[in-house]
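What follows is one structure encoded as structure tokens, with my remarks underneath.
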Amino acid sequence: MTDLETRAVPTRAGALRRAAPALAGYVAVRALGLLALFLWSAARDKSAYTLLTARWDALWYVRVAELGYGYEVRLANGDVHSNLAFFPLLPWLERLVAAVSPLSYADGGFLVGLVSSLAAAWGIFAVADRVYGHRAGVCAVLLWAVLPVGIVQSMAYSESLFTALAAWSLYAALTDRWVTAGTLALFAGLTRPVGLAVVAAVWVAALASFARDRRAAAAGARDPQDAPDTPVVLDTPIVPDTPAVPEVPVTPNDPSAPEVPAGPEAPPRPGTRFRRMLGMALAPLGTAGYVLWVGHHTGKGPLGYLDVQAGWRNGFDGGWAFARFVGEKFTSFPAALAGVGLIIGVASVVWLYVTGVRQRQPLPLLVYTGVVTALALCASSYFGSKPRLLLPAFPLLLPLALALAGARMRRSAAVLGVVAVASAMYGAFWLNGSGPP
């Protein structure tokens, strides 16, 4: 029996109390980053708030909220930058905030970003705590907060919103809450194109659950006395020596309760298979719905969204364009140093993913991370955005979180403190310079 099978799902109040240290640490790190940004911007006679709410993609989202779709910019080289490239959930929320408050669309985007970043931090904690325990959950949240491009989590961008939806959808899939997982995947698909990663994770988790049911039924049919105590699982996490979540009684008639095996011969609770199938059906509706709408709107059919992306010179080429971009760095000095840094960065991402596989992270996390990473690294344009595009791939941080959780608390705190200061300084420098394109 694995820890994932025996660990009960806490109540909402208990879950919030358990996550409180992680959320407090996250707020402290992000406050440090914003303070550094405001001080740096003031020294350069710039508005930090404008940098957070009214540059780059934030402007495109505001235009969608204010004017709807159909705005485009035609460049001298013939490229057409259309706002159809930007998925609609964040502009919808900006419009909602502006409709119910005196805030502007840009203010609404900033508010949504802040709230979403807290929801994302909580979701990351919930997933890591579920798989590896409390200390690893806290460390995972803090590692996500201190990423060099962590300042994006506080911008009027869609990364925090997407990460929140993705993390909670993954948590719902890990706890067999299929309708919740599918609904959150639907909304994630309305937030960013990489919503496909959440859909894939939910489908893989559901299919694996169906397979477990079949194996358990087959084992019971062969010899009920020899049937295993619990269903066979594909994912056996490595759990550090941390206290488990106190068990919470589950009401059998509660439709929101997770599926709990009741014994060697117990079938799934009534309605479980239906909810699982409903979650699978809901998951792709967001991405598919928007992509098909764009195709209809442009008159170019189901693949019309790809034409929109082509206008931005963005597409999926398996990483060939990125490899050429890195190779070109070695034609001069000191650009070669940047090339070395890029290679180290990509190698680190691959190493973290392989480590997660070796540590047998749950299959939904591996599928989600693999798709996010592939789409980020193998896109054919906007190479400077790749660190930002990897922000939602938080399971990459779980091996590091597990290592920090196993170290002495003083050492972990010292490491995270130093990295937090460095991240705050880099974020302020980055956003006052080139920033996220």
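Scope of the values below: all heavy atoms of this structure, side chains included, with no hydrogens, waters or symmetry mates. Residue numbers start at 1 and run along the sequence shown.
Relative to the ring axis of F210, R276 places its NZ or CZ within 45° and under 6.0 Å from the centre.
Judged purely by atom type and a 3.5 angstrom limit, T175 uses its side chain to pair as donor or acceptor with the backbone of A172. Side chain of K386 to backbone of A379: a donor-acceptor contact under 3.5 angstrom is found. A donor-acceptor pair under 3.5 Å links the side-chain atoms of S116 to the main chain of V112, judged by distance alone.
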Do W40 and M425 pass the side chain to side chain contact (heavy atoms under 4.5 Å, CB included) test, and can you show the C-alpha distance, the side-chain angles, and the key distance before you say yes or no? CA-CA 9 Å; W40 196 299; M425 299 299 293; 3.7 Å; yes
Please walk me through it: do W60 and R63 pass side chain to side chain contact (heavy atoms under 4.5 Å, CB included)? CA-CA 5 Å; W60 287 92; R63 289 191 185 105; 4.2 Å; yes
Given the rule in the side chain to side chain donor-acceptor pair (under 3.5 Å) test, do R55 and T50 qualify, once you have shown the distances and angles that lead to the verdict? CA-CA 7 Å; R55 292 184 72 186; T50 299; over 6 Å; no
Do L111 and L93 pass the side chain to side chain contact (heavy atoms under 4.5 Å, CB included) test, and can you show the C-alpha distance, the side-chain angles, and the key distance before you say yes or no? CA-CA 10 Å; L111 179 62; L93 294 176; over 6 Å; no
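Between Y49 and F110, the ring planes are perpendicular. Angles over 60° get that label, and only those under 30° would be called parallel.
Residues passing the side chain to side chain contact (heavy atoms under 4.5 Å, CB included) test with A283 are A185, V199, V202, W203, sequence neighbours excluded. Residues satisfying the ring-ring contact (aromatic ring centres under 6.0 Å, His included) test with F125, not counting sequence neighbours, are H134. The salt bridge (charged side-chain N to carboxylate O under 4.0 Å, His left out) test applied to D107 returns no partner, not counting sequence neighbours. Taking the side chain to side chain contact (heavy atoms under 4.5 Å, CB included) definition, one finds that S348 meets it with I344, sequence neighbours left out.
More than 12 heavy-atom neighbours from other residues, nucleotides or ligands sit within 6.0 angstrom of CZ on F330. Heavy-atom neighbours of Y69 OH from other residues, nucleotides or ligands within 6.0 Å: above the threshold of 12.
Shown here for Y353 and G370, the closest heavy-atom pair between the two residues is CE1-N, 3.6 Å. A pairwise comparison of heavy atoms in G286 and L190 identifies O-CD2, 3.5 Å as the closest pair. In terms of heavy-atom proximity, A181 sits nearest to A173 at CB-N, 3.8 Å. Nearest approach of V291 to P302, heavy atoms of both residues: CG1-O, 3.7 Å. Listed here is the closest heavy atom pair of L431 and P436: CD1-CD, 3.5 Å. Among all heavy-atom pairs drawn from Y290 and P88, the shortest one is CD1-CD, 3.7 Å.
Side-chain contact annotation: Q153 with Y26, donor-acceptor N/O pair under 3.5 Å present. In the model, S380 has no side-chain atom that pairs as donor or acceptor with a side-chain atom of R313 under 3.5 Å. There is a side-chain donor-acceptor pair under 3.5 Å between S158 and Y61.
Between V152 and M155, the closest side-chain pair of non-hydrogen atoms falls below 4.5 Å. At least one side-chain heavy atom of R192 sits less than 4.5 Å from a side-chain heavy atom of L389. For the pair Q359/P399, a side-chain contact is recorded, criterion being any heavy-atom separation below 4.5 Å from C-beta on. The shortest distance between side-chain heavy atoms of L365 and L398 falls below 4.5 Å. Side-chain contact between L37 and N432 is present, with at least one heavy-atom pair separated by less than 4.5 Å.
Evaluated for a side-chain contact (heavy atoms from CB on, under 4.5 Å) with Y368, the options L170, V127, L363, V204 yield exactly one hit, L170. Checked against W168 for a ring-ring contact (aromatic ring centres under 6.0 Å, His included), the options W122, F187, F162 give a single hit: W122. Considering T355, V350, L352, V372 as possible partners of L396, the one that fulfils the side-chain contact (heavy atoms from CB on, under 4.5 Å) test is L352.
Between W312 and F86, a ring centre-to-centre spacing shorter than 6.0 Å is recorded.
Between D57 and R388, at least one side-chain N (NZ, or NE/NH1/NH2) sits under 4.0 Å from a carboxylate O, which counts as a salt bridge.
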Tabulate below the donor-acceptor pairs under 3.5 Å that side-chain atoms of residues 138-148 make, not counting sequence neighbours, or state none.
from	atom 1	to	atom 2	distance (Å)
W144	NE1	L391	O	2.9

Residues 400-418, side-chain donor-acceptor partners within the protein, below 3.5 Å, at least two apart:
from	atom 1	to	atom 2	distance (Å)
S412	OG	L404	O	2.7
S412	OG	R408	O	3.3

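From L196, atom CG reaches atom OG1 of T287 across 5.0 Å, with rounding to the nearest 0.5 Å.
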